[in-house]
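Reviewing the structure listed below.
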Amino acid sequence: MITLDCRGLRCPIPVIRLARAIPGVAVGEIVRVLADDPAAANDIPAWCRMKGQEFVAADGQAFDVRRLS
C-alpha cells in the first residue's frame, strides 16, 4: 500500500494526485489518500466510478482505492 498525504490541499488536488499515483502501483494494490478537504468524501468515490477503480473504504480522513486496471 502506498499513502498519499494530501492533507491541507483543496479540491481537485487530492484526486489529481490519486490519478497520477494509480499507474505506478500494481493491479490489486491499494492507494490510501489522506485528505481533510470535505469534498474528498464525494470526489474520490466519484473518480473511482468514472475510472473503473474500486473505492474500498473511508475512515475519517483516509480513503482507500484499489487499482483494478
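Numbers for residues simply follow the sequence, beginning at 1.
Of all non-hydrogen atoms in Phe63 and Ala35, the two that sit nearest each other are CE1-O, 3.6 Å. In terms of heavy-atom proximity, Pro23 sits nearest to Ala19 at CD-O, 3.2 Å. Closest non-hydrogen pair, Leu9 versus Asp36, comes out as N-OD1, 4.3 Å.
The line from CD1 of Ile30 to CD1 of Ile2 is 11.5 Å long, rounded to the nearest 0.5 Å. Rounding to the nearest 0.5 Å gives a distance of 7.0 Å between CG of Asp43 and CG of Asp37.
Looking at Arg32 and Asp64, their side chains come closer than 4.5 Å, going by heavy atoms from C-beta outward. The side-chain heavy atoms of Arg17 and Ile22, taken from C-beta on, include no pair separated by under 4.5 Å.
Under the 3.5 Å distance criterion, the side-chain polar atoms of Gln53 are matched with a main-chain donor or acceptor of Leu68. Here the side chain of Asp5 pairs a donor or acceptor atom with the backbone of Arg7 at under 3.5 angstrom.
At a threshold of 4.5 Å between side-chain heavy atoms, the hydrophobic network of Ile, Leu, Val, Met, Phe, Trp and Tyr places Leu34 and Trp47 in two separate groups.
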